[in-house]
Amino acid sequence: MSGATGSKLHTMRDAIAAHVHDGDTVAIEGFTHCISFAAGHEIIRQKRRNLTLARMTPDLIYDQMVAAGCAKKLIFSWLGNPGVGSLHAIRRRTEPSALAPGESLLEVEEYSHHGMVGRYVAGAHRLPFYPLRSYSESDLPAANPLIRQVESPYGDGKIWAVPPLNPDVAIIHAQRADAEGNVQMWGLLGCQKEAAFAAKRVIAVVEEIVPTETIRADPNRTIVPGLIVNAVVHEPFGAHPSYVQGAYDRDNAFYREWDAISREAAATDEWLREWVYEVPDRAAYIAKMDAARLRALRPTPAPSGSVDYGDYR
Amino acid sequence: MSGATGSKLHTMRDAIAAHVHDGDTVAIEGFTHCISFAAGHEIIRQKRRNLTLARMTPDLIYDQMVAAGCAKKLIFSWLGNPGVGSLHAIRRRTEPSALAPGESLLEVEEYSHHGMVGRYVAGAHRLPFYPLRSYSESDLPAANPLIRQVESPYGDGKIWAVPPLNPDVAIIHAQRADAEGNVQMWGLLGCQKEAAFAAKRVIAVVEEIVPTETIRADPNRTIVPGLIVNAVVHEPFGAHPSYVQGAYDRDNAFYREWDAISREAAATDEWLREWVYEVPDRAAYIAKMDAARLRALRPTPAPSGSVDYGDYR
Amino acid sequence: MSAPKGPEATPNELMVVAAARALEGRRVCFVGVGLPNIAVNLAKRTIAPQMELVYEAGVFGASPARLPLSIGDPTIVTGSTATVSMHDLFGLYLQGGRIDVGFLGGAQIDRFGNLNTTVIGDYAAPKTRLPGSGGACEIAINAKEIMVIMRQSKRSFVERLDFRTSPGHLDGAAHAERVRHDEGWLSAGPTVVVTDLAVYGFDADGEMTLRTLHPGATLDAVRESIGWKIRIPTGDVPTTPPPSAEELRLIREELDPTGAYV
Amino acid sequence: MSAPKGPEATPNELMVVAAARALEGRRVCFVGVGLPNIAVNLAKRTIAPQMELVYEAGVFGASPARLPLSIGDPTIVTGSTATVSMHDLFGLYLQGGRIDVGFLGGAQIDRFGNLNTTVIGDYAAPKTRLPGSGGACEIAINAKEIMVIMRQSKRSFVERLDFRTSPGHLDGAAHAERVRHDEGWLSAGPTVVVTDLAVYGFDADGEMTLRTLHPGATLDAVRESIGWKIRIPTGDVPTTPPPSAEELRLIREELDPTGAYV
């Protein structure tokens, strides 16, 4: 009685080649947790151009993609290196005084966190807008004319609204999926589910491919069904230097190192050469990493425990 | 480092006495699954009057509460005995030809399922309305003037809306909670979370009280935090004849039996006398039930399996 | 396949089998309570094994081990691929446009496939209070295609609905097309109506039209149980292909062994 | 308690301790990245053990086993009472009115506690591009009370913001009261500003006013590092009670052993 429709397993190279095109709006989501650096690096290697990059927090991955020349525009709500400071490559494309000769300013379209979440929710629910209580007396609506007001039909005044965001492709990382693309995740959920449902195409990248029976044993853990997933990529350690709850820790040292690397365009280019362009895939990236550093990121176990769904026949 | 604030454990009698008052809007939620019949029966025993009863599916529990004279109004989206047929006690209060002498018609305020869900969501998110794509060319908005239209601020026309619902008290049943009221649930989630966050007061009724450590071992399983819960009631088998995933099955035979019982007001009253008024509490209800019937409702185990959150220090 | 072991197929069995067969080729089906539940589960066991069953209670990819009485039965949860809140089910799955076909029934249907599940008589003082919309109103608007399964009679196939709960082709295809476009409906409206006597489709005007007569049913019986002059194509009306032995076995032995539904 | 083992408290330590103490009696606190993170974790280990830590990343009731560098660290998840989607966190918890106090910082603050975390210079062609709002704008509106922690200087305590990201008392209490009422704000606005030199409150006009001077700080130093004429009450200004040995030990040995933040 399985609804199996066949495997969607692909390599990252094939998944990016098939589903990410020049000019696309791309959302590599994951709030601090489960950011698919592996997908971002493959997009850099495949030299995609003129992308609109949407993410609540562009994080290092969009700093790297901007440095590599993939982006024409950013849609975001918080533009920094979390816990460290600035995203220097992006600053060089957003501050006129820092712009290199021949470079143009990135377009920016910014919201608050709740606004970005609401944009994905509206996109996923096929709503023309998402209402929220924010922006009142802030300069954000003046800076972004897509933040508007809507009149309540119950006579209680106006509320703020953001428009739907429907990326051409959403790329989410998670702990596990089956080969059909039923994705399960725990820890910080960010807006992986909302971004995936809002997108026209979905690439799901996971630490582990599990049998469908594992998914079906705990259906409340599923955040995204295979129905909306176009490609499943098995990419262990694919979120580094971000992290995967229970699998590995955030590489905070790298987030600090990037601050130094990214302050100069030349050092940034050199890092991209060494760790992205000259690395064919994520397996090679891992092989190139210091093994002791990797080991140190593994947490000790903290099991959730099992619950009983009951067999009803 | 626990945020423990002390136990909120109470008997059902005390929880209802403290938190359900005459004239309140009460939402005993749970979509087929996890309906707190124990709470409904205690409300009947305590003779609450003039309640506005909100539920997506009034189900047998509101049929019983209406028969017992607790209600002046129903807010709902589907008014039937699921899989069986009509709710006869409610029909006797909604069809003029069936009305007993001296009885008045119940007020009814009806939506669709998505509309009822949206009412709780708007209430829980403190939104003045919830927008949805429904009701177009239906007679429902004419029947219920609270279903209105709202103009999108993005020039793409109107969409339908429902107003927030903020019950005075929400009563939810679930598999387990700790004594502080952190509630975990699996299986059909219905709108337990949304109803609880929308309500001014919350009573959480559970099959099992577990140590806080059990909750904290799987924080993604928590649907409602103790922060918003006023009383926790430990009431095993408190959802019968509804069911609790993994604990016991829906008593479909009783749902069919109720069809016959409820067709006549006298038989309904007699059932209420025997199974509600003359039963002091849920423990006595269970003791009175046929033990073999109870045993037959227990499913064989179907474990979810455990996942790893990782210990990060 | 061997011949059916039991008696000849009943009208209800003919209805369930015809409805199940109408699902051929559909991928994602929103399952309603009662007869649709049996029809969809029969289709999944026969001509549509790849079909994903979606229950409005919050289940995607259900594999029920028994036929659920209600659409919120625990057997639809255990072994499903995703069990989600109703907010997600109605918002992400249905309104989000992920449902290929929704099954509806009703107390009344009109020639354009509009449905009433709310009241018989006046809304404020009804003769009969029916269950209401449930998810039907939004299913009619947001599922890409609607199929209807209901027994036919002059009380249920009516010239004029007492209450329009769920829109079909409105006052006809032209009106429906305009509204669908203006209001962003995903639904193409009802395409199939399966009854205990026949299978109907909708013509270019959006009006119900006889497609096939069940074995044993007559044109007179059809006409006498419909409250308007039903469109019947010229020439011979084909007969609905009869149930196979395997379909009857599945209904009688697996899906409804106690005969509670069919 | 024994005397602090290390050197005298630094200005940053004074700031963190004063911010932690301001949380006394608060139940539910929305934790920001950086110094607020340390202040809130110090408060939970000292004067506010019952406090529930809420992280915008989606965690309620966190018990971090180490000090998280980012507000999305895995240690805030393991052992928490609830880990939820950001939609739920911002919608049910923050906008729903469940947060007692939110901690904010910024690149610029004005006399009414309005904050800029977006740009220095012109928005379209900024001199310095800052991170932007994150959750700050909606925290400022929906948390019941706002506390601010930031180092003071003429560049950061300014007469006029380059960009108002998060509203405080607007142009003063009268304006703010009217808007809060009309637009349904839950926030009473900023109540406390803690810097490396002093602790400030807001008077009846909604304007920032000196409350206590940190040990070693002078009125001249305060005046010289604020871009408007700061209100100073007449009479002696009390001294901020100095950190206890235990507070300094917790910061130095448990919360920030590498000295990365303080």
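Per chain, numbering begins at 1; letters A, B, ... match sequence-line order.
- Under 4.0 Å is where a charged nitrogen must lie from a carboxylate oxygen, and between A/Glu180 and A/Lys8 no such pair does.
- Most heavy-atom pairs under 4.5 Å with chain A, from the set C/Thr81, C/Asp88, C/Asp73, C/Leu67: that is C/Thr81.
- Contacts with chain A were tallied for C/Leu186, C/Leu94, C/Val77; C/Leu186 has the most, counting heavy-atom pairs under 4.5 Å.
- A salt bridge does not link A/Glu213 with A/Arg216: none of the charged nitrogens is closer than 4.0 Å to a carboxylate oxygen.
- Ranked by non-hydrogen atom pairs under 4.5 Å with chain C, the options A/Ile215, A/Leu227, A/Ile228 are led by A/Leu227.
- Interface summary for chain A: among C/Val84, C/Asn142, C/Thr78, the most heavy-atom pairs under 4.5 angstrom belong to C/Thr78.
- In terms of modelled atom types and a separation under 3.5 Å, the side chain of A/Gln192 and the main chain of A/Ala174 share no donor-acceptor contact.
- For the residue pair A/His113/A/Ser77, the side-chain donor-acceptor check at 3.5 Å is satisfied.
- Proximity of A/Gln245 to A/His33: side-chain heavy atoms (C-beta onward) are separated by under 4.5 Å at one or more points.
- Within the 4.5 angstrom heavy-atom criterion, only side-chain atoms of C/Val28, from C-beta onward, approach chain A.
- In this structure, chain C has no heavy atom under 4.5 Å from any part of A/Ala217.
- A/Asn182 touches chain C through its side chain: at least one heavy atom from C-beta onward sits under 4.5 Å away, while N, CA, C and O do not.
- Taking chain A as the reference chain and counting heavy-atom pairs below 4.5 Å, the highest number among C/Gly96, C/Ser85, C/Ala82 is found for C/Ala82.
- Salt bridge absent: C/Glu247 and C/Arg252 never bring a charged side-chain N and a carboxylate O closer than 4.0 Å.
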